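Report on the structure given below.
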Amino acid sequence: MKSKIIVTGGCGYIGSHTVIELIENDFEVVILDDLSNSTEKTLERIHKVTGVTPAFANIDLKNETETNKVFVAHNDAKGVIHFAAHKAVGESVQEPIKYYKNNFYSLLNSLEAQSKNGINNFIFSSSATVYGTPETLPITEKNETQRPFSPYGNTKKIAEEILDDFTKSNEAFSAISLRYFNPIGAHSSGEIGELPSGIPNNLMPYITQIAAGVRDKLMVYGNDYPTKDGTPIRDYIHVVDLAKAHVIAIKRLLKNDQEKSLEFFNLGTGLGYSVLDVINTFESVTNSKLNYEITDRRAGDVPCLYASTDLAKEKLGWTAERELSDMISSSWKWEQNLRNESK
Ligand code: WQD
């Protein structure tokens with residue numbers, strides 16, 4: 001019998017890629033999603049790639065009664081991978097209550113409902129933002145966490161603290177918090193990728209929309225950082241590599257291989273690329289020119305972030321395999337497919 005995994009936010013960007021990897025690893029998947037920043041069409045896309053349409057419930061996890069009901073209905077599930085959250089940094093600064101309500105109510109309701117139903121394995125979608133402005137690089141899991149700049153980031157940091165308290169209070173319950181660096185890229189089929197609503201906040205979808213003629217010009221936020229070319233450095237990671245790490249993490253909990261009831265792992269490549277590196281690689285991979293202009297710094301951006309990948313390698317046996325050029329070419333393929341579909 002296949003093990004059943006509940007994936008909250010499974011119609012979203014990282015969630016949908018993880019659902020594909022779970023199906024390909026012979027798991028049965030149930031997606032819970034309120035479609036607030038995603039679409040039900042993702043289910044068809046997942047079917048196109050895998051031949052399987054996962055079970056789906058349109059559920060707002062802020063609603064305790066609904067959440068309880070769905071966990072009772074799926075109380076044979078073995079674990080939960082929790083992606084459901086709002087994630088726009090800028091919006092969270094404008095509307096902090098929306099972010100705290102959504103990201104905490106959904107987390108708390110899931111934790112309570114699943115543990116009541118004996119589903120005691122939990123993978124949390126965290127972020128390198130919990131490290132704030134790191135004092136040492138590469139960032140290891142031993143780096144101190146700091147109060148992140150944005151309410152969005154703070155929801156990730158506080159969620160990890162909630163998991164710490166909860167796993168201590170409940171012996172049966174185990175969790176792994178995966179701290180993502182900068183996920184970009186798309187599935188190699190071109191069927192699944194990031195679907196930003198409105199103007200993208202993040203670098204990669206903005207770049208592909210410029211190349212597709214949807215937007216005019218990229219604003220590069222500052223070139224006076226203490227980096228090799230003055231633009232900030234990030235650890236970009238292919239979303240498919242990231243998705244594979246979730247499958248490994250849930251298997252670790254199912255096999256009871258975890259060393260502590262709450263573990264943290266960085267998910268990055270260990271390599272840092274500047275904004276200009278990304279632009280130049282995009283231009284060479286796609287043989288095109290990007291229209292861009294250097295402007296002022298964006299509030300809250302840190303100069304340099306890249307991961308130490310040692311712990312994930314040692315404990316999970318996981319390393320990212322895909323290079324920046326793969327990340328860029330897959331993002332571009334996805335963007336072109338989207339544009340062709342909307343014609
Ligand atoms: C990357 C670099 C920008 C847009 C954020 C969140 C993080 C995680 C991933 C997600 C920076 C520069 C960007 C643009 C630019 N969260 N840039 N022009 O800020 O590293 O991380 O996304 O859910 O928690 O903080 O990613 O892609 O926004 O920016 O120059 O139009 O690109 O200044 O240096 P970031 P990003």
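These numbers come from the heavy atoms of this one structure, side chains and all, not from hydrogens, waters or symmetry mates. Order of listing sets the numbers, starting from 1, for every ligand and every atom in it. All figures in this text were calculated on a predicted structure; none of them were measured in a lab.
The shell of residues lying under 4.0 angstrom from ligand 1, judged by heavy atoms, includes Y152. Assignment of S127 to the shell around ligand 1 is supported, since a heavy atom sits closer than 4.0 Å. Residue contacts with ligand 1: F149 is excluded, as none of its non-hydrogen atoms falls under 4.0 Å.
Salt bridge absent: E141 and K315 never bring a charged side-chain N and a carboxylate O closer than 4.0 Å. Using a cut-off of 4.0 Å between Lys/Arg side-chain N and Asp/Glu carboxylate O, K48 and E44 are scored as not salt-bridged. Between E263 and R252, at least one side-chain nitrogen of the basic residue sits less than 4.0 Å from a carboxylate oxygen of the acidic one, meeting the salt-bridge criterion. Salt bridge present: E161 and K157 bring a charged side-chain N and a carboxylate O closer than 4.0 Å.
In terms of polar-atom proximity, T129 is not counted as a contact of ligand 1, lacking any N or O under 3.5 Å from an N or O of the ligand. For a threshold of 3.5 Å applied to N or O pairs, the pair formed by M219 and ligand 1 contains at least one separation below that value.
Closest of all the heavy-atom pairs between A212 and R339 is CB-CG, 4.0 Å. Shown here for L203 and Y236, the closest heavy-atom pair between the two residues is CD2-OH, 3.4 Å. Taking both residues in full, the closest heavy atoms of V302 and Y225 are given as C-CE2, 4.5 Å, listed atom of the first, atom of the second, then distance. When all heavy atoms of Y13 and I184 are compared, the closest pair comes out as OH-C, 3.0 Å. The two residues V19 and P54 make their nearest non-hydrogen contact at CG1-CG, 4.0 Å.
Counting atoms of ligand 1 from 1 in the listed order, those under 4.0 Å from a heavy atom of P232 are 34 (O). Interface atoms of ligand 1 facing N182, defined by a heavy-atom separation under 4.0 Å, are 20 (O), 21 (O), 26 (O), 35 (P). Residue contact check: L218 has heavy atoms under 4.0 Å from atoms 14 (C), 18 (N), 31 (O) of ligand 1. Annotation for ligand 1: atoms under 4.0 Å from non-hydrogen atoms of N201 are 4 (C), 28 (O). Ligand-side atoms of ligand 1 in range of Y236: 1 (C), 2 (C), range being under 4.0 angstrom from any heavy atom. In summary, the atoms of ligand 1 found under 4.0 Å from a heavy atom of K87, numbered by their order in the structure, are 23 (O). Atoms of ligand 1 lying under 4.0 Å from at least one heavy atom of V220, given by number and element, are 30 (O).
Just one of S126, S125, S127 meets the side-chain hydrogen bond (donor to acceptor under 3.5 Å, both in side chains) condition when paired with Y180; it is S125. With respect to K244, the salt bridge (Lys or Arg N to Asp or Glu O under 4.0 Å) criterion is satisfied by exactly one of E321, E24, E21: E21.
At the top of the distance list for atom 36 (P) of ligand 1, counting protein heavy atoms only, stands N202 ND2, 3.5 Å. Nearest protein heavy-atom contact of atom 27 (O) of ligand 1 is L203 N, 2.8 Å. Residue, atom and distance of the protein heavy atom nearest to atom 20 (O) of ligand 1 are R234 NE, 2.6 Å. Scanning the protein for heavy atoms near atom 6 (C) of ligand 1, the closest one is V89 CG2, 3.7 Å. Residue, atom and distance of the protein heavy atom nearest to atom 33 (O) of ligand 1 are D301 OD2, 2.5 Å. If you check which protein heavy atom lies closest to atom 12 (C) of ligand 1, you get V275 CG2, 3.7 Å. Scanning the protein heavy atoms around atom 19 (O) of ligand 1, the nearest turns out to be R298 NH2, 2.8 Å. Looking only at heavy atoms of the protein, atom 14 (C) of ligand 1 is closest to Y221 CE1, 3.3 Å.
A tilted orientation is assigned to the rings of H246 and F83, their planes being inclined by 30° to 60°.
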